[in-house]
Amino acid sequence: MEVRIEAPAKVNLHLEVLAPRADGYHDLVSLFHAVDLVDSLRLQRTGRTGPVSLGGMGDREPGANLVVQAIELFRRSAGVREGVAATIRKRIPIGAGFGGGSSDAAAALRGCQALFGSPLDEATLGACAAALGSDVPFFLRGPVAVVEGRGERVRVLEARTDFAIAAATPQARVSTADAFAWLDADRGAGRARAPFHRGAGALARAYRRLPPDEWPFGNSFDGPVRHRLAAVASLCERMRACGAAAPRLTGSGSTVIAVFADADAAAACVRELAAAPPAGTVREQIRLLLPLASLPGVEYYG
Ligand code: C5P
């Protein structure tokens with residue numbers, strides 16, 4: 001038996017990092033939105049006791065490892081010993097703030113549930129997701145949610161699709177752990193901007209009620225990453241020149257996104273950027289993204 005499933009990227013329309021916690025993580029308040037940039041996964045039961053194998057990308061890719069970890073965790077939690085062969089077609093750039101590795105892991109969990117007759121209940125599945133990474137629980141639930149805590153508290157909202165996003169990913173990528181460390185350093189030195197103080201309820205209300213080009217959203221990583229990566233700073237400037245009102249990072253970067261209420265204006269911004277990419281960004285990493293109205297379903301084969 002075989003299943004196929006698409007794993008979408010996310011953008012953070014808003015991301016506020018709160019204080020560091022005793023466990024080394026930070027609490028967040030964020031608005032996550034799945035978009036139409038997807039990796040594709042294929043999972044097959046091997047029919048006999050055996051290992052998890054992964055094809056389609058090099059062994060050293062972190063996303064690849066997270067898929068294997070997700071399947072192993074599923075097998076341990078569900079008491080499954082049968083082998084699983086996974087293949088992935090990767091399109092979401094890594095280290096870019098799109099949550100690609102986390103989405104692949106969530107898709108692997110959902111795919112395994114489908115392959116083995118849903119042996120895990122919702123709570124166990126959610127705990128598996130949280131153990132795999134802070135962004136993984138969102139990808140079980142999406143396509144849009146206010147996310148809190150370390151990332152494990154996910155409140156799903158009804159999706160809006162009346163906006164479009166211009167996105168550009170510089171060649172320099174950002175490690176999530178580094179970005180949190182830069183933010184803490186800037187805050188410690190009194191260099192960080194004032195907090196947004198926008199609670200979960202206010203985020204949800206603004207998302208529901210305001211026109212997308214008036215969303216009062218931001219990202220705590222903007223200053224710390226912009227100061228350290230010249231490519232991000234020049235991208236933000238160029239995006240403004242191309243008509244973007246408030247370009248900002250998604251996740252901890254390095255992708256810069258800009259929300260447009262008008263899809264044609266977003267497409268024009270993408271074309272203009274791609275015609276003369278700023279230093280440190282290549283044409284292939286400049287794209288128009290559309291919000292998803294629902295998470296892709298699992299397709300069965302064989
Ligand atoms: O959970 P994940 O493995 O994606 O996190 C990577 C790193 O990012 C963590 O080790 C931690 O340093 C930092 N992090 C954090 N607070 C979060 C999420 C991640 O400090 N909410």
Side-chain angles (χ1 to χ4, degrees), residues 7-34 39 60-74 90 92-109 125-142 145-155 169 172-189 192-193 195-200 203 217-225 228-229 232 248-255:
K10 57 82 177 163
V11 295
N12 298 90
L13 294 177
H14 178 83
L15 172 56
E16 173 153 28
V17 179
L18 306 173
R21 316 188 322 185
D23 64 2
Y25 286 89
H26 295 69
D27 281 321
L28 313 169
V29 188
S30 184
L31 185 55
F32 279 59
H33 218 302
D39 291 337
R60 286 179 305 158
E61 298 285 6
N65 291 337
L66 211 52
V67 166
V68 174
Q69 284 169 34
I71 301 171
E72 293 289 19
L73 183 55
F74 170 86
K90 197 81 199 143
I92 306 171
I94 293 166
F98 283 129
S102 302
S103 185
D104 296 343
L109 288 178
L125 201 61
C128 287
L132 288 163
S134 303
D135 286 353
V136 183
F138 163 75
F139 286 108
L140 284 182
R141 312 268 313 275
V146 174
V147 172
E148 291 181 278
R150 199 194 108 194
E152 75 286 0
R153 290 197 340 252
V154 176
R155 176 175 152 206
T169 308
R173 303 294 160 86
V174 178
S175 116
T176 308
D178 284 353
F180 277 100
W182 295 343
L183 179 63
D184 287 341
D186 285 7
R187 283 180 171 170
R193 55 154 290 157
F196 301 109
H197 286 314
R198 231 158 254 132
L203 276 187
F217 298 153
N219 186 320
S220 297
F221 290 114
D222 269 355
V225 174
R228 288 167 178 90
L229 289 186
V232 168
R248 57 182 170 271
L249 293 174
T250 169
S252 53
S254 59
T255 302

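The first residue of the sequence shown is numbered 1, and numbering continues consecutively from there. Just so you know, ligand 1 is whichever comes first in the structure, and atom 1 is the first atom listed for that ligand.
Under 4.0 angstrom from ligand 1, there are no non-hydrogen atoms of Asp27. Contact annotation for Tyr25 and ligand 1: heavy atoms of both the backbone and the side chain come within less than 4.0 Å of the ligand.
For ligand 1, the polar-atom distance check finds no N/O of Thr176 at less than 3.5 Å from any of the ligand's N/O atoms.
In this structure, the side chains of Cys128 and Phe74 stay at 4.5 Å or more apart for every pair of heavy atoms. No side-chain heavy atom of Val29 sits less than 4.5 Å from a side-chain heavy atom of Phe196. Between Phe32 and Asp135 there is a side-chain heavy-atom pair separated by less than 4.5 Å. With a 4.5 Å cut-off on side-chain heavy atoms, Asp104 and Leu66 do not count as touching.
When each atom of ligand 1 is checked for a heavy atom of His26 under 4.0 Å away, the hits are 15 (C), 16 (N), 17 (C), 20 (O), 21 (N). Close contacts of ligand 1 with Gly24, meaning ligand atoms under 4.0 Å from a residue heavy atom, involve 20 (O). Shown in contact with Arg150 at under 4.0 Å from a heavy atom are these atoms of ligand 1, numbered in order with element: 1 (O), 21 (N).
Checked by atom type, the side-chain pair Asn12/His33 shows no donor-acceptor distance below 3.5 Å.
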Derivation and outcome, side-chain contact (heavy atoms from CB on, under 4.5 Å), residues His14 and Arg198: CA-CA 10 Å; His14 178 83; Arg198 231 158 254 132; 4.1 Å; yes
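Using a 4.0 Å threshold on non-hydrogen atoms, atom 3 (O) of ligand 1 does not count as touching the protein.
A heavy-atom separation below 4.0 Å is found between Leu28 and ligand 1.
Scanning all protein heavy atoms for the shortest distance to atom 19 (C) of ligand 1 gives Phe180 CE1, 3.4 Å. The protein non-hydrogen atom at the shortest distance from atom 1 (O) of ligand 1 is Ser134 OG, 2.7 Å.
Remark: aromatic rings of Phe180 and Phe221 are close, center separation under 6.0 Å.
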